[in-house]
Amino acid sequence: MKIDTISEVSRTHFSYDVTTKLNGKEVTLVGWVQEIRDLGGIRFIILQDKTGTIQITIPRKKVGNDVLSKSDFVQKRYSVSVKGIVKETKMSPRGFEVIPNEIKILGTAETQLPLDITGKTPANIEARLDARALDLCSEQNVAIFTIQHHAVEAIRNFLFKEGFLEVHTPRIIASATEGGAELFSVDYFGEEAFLAQSPQLYKEQLVMSLEKVFEVGPFFRAEDSHTRRHLSEFISVDIEQAFSDSIGVMKLLEKVIEQVCSNVNTKCKRELEILNNTLEIPSIPFKRLTYDQVLLDLKKEGIKIEWGEDIPTEALRVLGKLYPQFYFITEWPTNSKAFYIKPYSDTPEKCEGFDLMWKWIEIVSGGSRIARKELLIERLKRKELNPESFKHHLRAFDYGMPPHAGWAIGLERLTMLLTGKENIREVSLYPRDRTRLTP
RNA sequence: GCCUUGGUAGUAUAGUACGGCCUAGUAUAAGCGGCUGUCGCCCGCUAGACCCGGGUUCGAAUCCCGGCCAAGGCGCCA
C-alpha cells in the first residue's frame, strides 16, 4: 500500500468541532487511528486529533473499494485523512458519525506499540516515560499540557498588562548564584562554567534599568533528590520589580494565581473533566501565616521545631491539612533564606522572605531583596560565600540599585495543582531527574 | 547521599510466607480466521516472560550473596 501525499489534503474541521449541526455536510478530518472495531460487515475507526476523537463508520457494502482497502490496511497510530459525510445517529458515541468517501494514509506506525494507547492496561510511569512521545498522545496528557499552556498564557498576559518586560538571562554562568544548591558544570571553551540554577542575580540587576521584568524558562539543579516534586531541569516563572517590597509582590502574586485559576477554569473545562479535577478560583487575599504562627500550629499538633530551623516535609504535610489551599508563610528566620533576602531592620533575625504554599507543597518563593551593598556582603559572609566570586554582581549595587522585590513560581508544581497530578514528572514533557536523561 | 519496597511476555499482573503439583496462570496488546451497530465489541486459534552473575540443593521464578535498574520516602528545594 502506497503512502498518500499530504499536498491534496486540507483539514476542514478538528474532531471536536464536528457537531450534529453539520449533518449531511462533507468534512475532511486529519488525525490518527486510535482504535479499530471490526464487526465483519461494519467497521468502526476511532480517529483522534489534538482536540479529541470522532467515530468513522464504514459499512462494508456501502463504501467504495478504495475506502474499503485503505480501511483494511490501517492500524493503530497510522496518520490518516478522512473525507466524508457527517451523519446524525443515536447509535454512535457523540450522536453522529462520519461515513467516508475517501481515506488517505499519511503515515504508518509499528503494530506492537510499547504502551496501550486506549488505556485498558495502564503502564507505570517508567514505561510511559521511556516511550514518552507515544505517551504524550493520550487524551490525559494532551489535557495536562493544554492546561499548562493556558496557565502560562494567563501569567504572561497579566504581567504584560502590569507593565512587565519579558527578558532572557544567561543559562551559562561563571559561578553559583545562590550557593548551597549543587550546580551542573559545563566545559566552556576549556573553562569551567555552570548551568544557571536561577536568574536571581541578573533579574535583580535588570530592575535598575527595566524596572519590572519577568522570565519564563528552564533552570538546573544538580540535587540528588528523589521525590515526586523535584526535577533536575524545571521551568521557573521569575519576576523582579523595582520600588517594591515583599508586600507589593505578594499582592501581585495573588492576582497572578487568581488569573491563572480563572483562565484555566474558563478555557480548559474539558481538560479538567478529562483529568477528573476541579479547580476553585481562590479568594484573595490568601491567608498569611508568619513562621512563628506555623511553629505554634505545629506545636499544637505535637510537632516541635526549634526556632530558626527549616520546616521538615513531614511537618509541612500536617500544615497542609490545617490549611488545604493557598497560604503564605512570611517572616522567616533570616538564616534559613538565601543571602539576598532582606532582613527586617528592627528585627534582623527575621526577614522579608515568603513562600506561597499550596497544601504542603511550596509553589513560589520570594521576598524583598537587599539593596545595600554592605549588607549584602555581610550576608554573603554569614552564609560562608565568598564575596569575591560575586564581584560583578556586587558592582551593580554601586550604580543605583533601587529597593526591589520578586518571586519565582515553579511552573511544574503549579501545573500539578491545576491538573491534580501528584508526580511532577507527569507534568513535564520530557522530565529530567536524578536517573533520567532520556528521552 | 541515606532508608524502604520491588524487578515475571509489548503492557499490567498472579505465583515467592513454607523450594517440587509452574510443562509459569490471567487480562490486555500483537498475528490469523469469523461476525452489520460497536463504543473496554464479541468468539476461536497462534506466538510471546521469571533483570544479570555467583552460591545452597537431587531440584530455584521462589532461599542466600554481589551487581544493575526502578518506584516511594527523607534531607534539600521551585
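Chain letters run A, B, ... following the sequence lines, proteins first, then strands; residues in each count from 1.
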### Query
Does A:Thr313 have a side-chain nitrogen or oxygen under 4.0 Å from the phosphate oxygens OP1 or OP2 of B:rG75?
yes
### Query
What integer number of Å spans the C1' atoms of B:rU13 and B:rA61?
14 Å
### Query
Would you say B:rC39 has OP1 or OP2 under 4.0 Å from some side-chain N or O of A:Ser92?
no
## Note on the structure
Only residue of A:Asp292, A:Thr330, A:Thr334 satisfying side chain to side chain donor-acceptor pair (under 3.5 Å) with A:Lys350 is A:Asp292
### Query
Does B:rA30 have OP1 or OP2 sitting under 4.0 Å from an N or O in the side chain of A:Lys76?
yes
### Message
Within the 3.5 Å criterion, strictly below it, is a donor on A:Gln293 or A:Asp297 matched to an acceptor on the partner's side chain?
### Response
yes
### Query
In terms of ring plane angle, is the pair A:Phe219 and A:Phe234 parallel, tilted or perpendicular, where the classes change at 30° and 60°?
tilted
### Inter-nucleotide P distance (B:rC64, B:rU56), Å rounded
15 Å
### Message
So, does A:Arg229 get its side chain near the phosphate of B:rA78, meaning an N or O under 4.0 Å from OP1 or OP2?
### Response
no
### Query
Does any donor-acceptor pair link the side chain of A:Arg94 with the base of B:rC39 at a separation under 3.5 Å?
no
### Task
Report yes if the ring of A:Phe219 lies under 5.5 Å from the six-membered base ring of B:rA78 with planes under 30°, and no otherwise.
no
### Message
Between B:rC69 and B:rG48, how many Å separate the two C1' atoms, rounded to a whole number?
### Response
23 Å
### Summary
Nearest heavy-atom approach of A:Thr290 to A:Ile329 is C-CG2, 4.5 Å
### Task
Assign B:rA17 to syn or anti; the rule is syn for a glycosidic angle within 90° of 0 and anti otherwise.
syn
#### Entry: Donor-acceptor side-chain pairing of A:Ser15 and A:Thr51 below 3.5 angstrom
yes
### Message
With rounding to the closest Å, how many angstrom separate the C1' atoms on B:rU62 and B:rU16?
### Response
4 Å
### Task
Scan A:His404, A:Glu240, A:Glu352 and name whichever one has a side chain to side chain donor-acceptor pair (under 3.5 Å) with A:Arg369.
A:Glu240
### Task
Between B:rU11 and B:rG40, how far apart are the C1' atoms? Round to whole Å, please.
15 Å
### Query
Hey, does the Lys NZ or Arg CZ of A:Arg288 hover above the aromatic six-ring of A:Phe354, less than 6.0 Å from the centre and inside 45° of the axis?
no
### Message
Under 3.5 Å, is there any donor-acceptor pair linking the side chain of A:His226 to the base of B:rC74?
### Response
no
### Query
For B:rA71, does either OP1 or OP2 sit under 4.0 Å from a side-chain N or O belonging to A:Arg425?
yes
### Query
Is the phosphate of B:rC74, meaning OP1 or OP2, less than 4.0 Å from a side-chain N or O of A:Arg317?
yes
### Query
Do any side-chain nitrogens or oxygens of A:Asn124 fall under 4.0 Å of OP1 or OP2 in B:rA12?
yes
### Message
B:rA12, OP1 or OP2 - any side-chain N/O from A:Lys120 closer than 4.0 Å?
### Response
no
### Query
For RNA chain B, whose closest nucleotide is more 5', that of A:Gln75 or that of A:Arg128?
A:Arg128
### Message
Using atom P in both nucleotides, what's the gap between B:rC52 and B:rU8 to the nearest angstrom?
### Response
10 Å
#### Entry: A:Thr121 side chain near B:rA29 phosphate (N/O to OP1/OP2, under 4.0 Å)
no
### Query
If only side-chain N and O atoms of A:Gln34 are considered, is one of them under 4.0 Å from the OP1 or OP2 phosphate oxygen of B:rC39?
no
### Query
If only side-chain N and O atoms of A:Arg434 are considered, is one of them under 4.0 Å from the OP1 or OP2 phosphate oxygen of B:rA71?
no
## Note on the structure
Expected string for nucleotides 44-50 of chain B under the B/S/- scheme (protein heavy atoms, under 4.0 Å, primed atoms plus P, OP1, OP2 as sugar-phosphate) is -------
### Task
Indicate, yes or no, whether a donor-acceptor pair under 3.5 Å links the base of B:rG1 to the side chain of A:Glu223.
no
### Task
Write down the distance separating the C1' atoms in B:rA14 and B:rA9, rounded off to the nearest Å.
14 Å
### Query
Would one find a side-chain N or O of A:Arg37 under 4.0 angstrom from OP1 or OP2 of B:rU38?
no
### Message
Regarding B:rU11, can its base be found pairing with the side chain of A:Gln112 as donor and acceptor, where the two atoms are less than 3.5 Å apart?
### Response
no
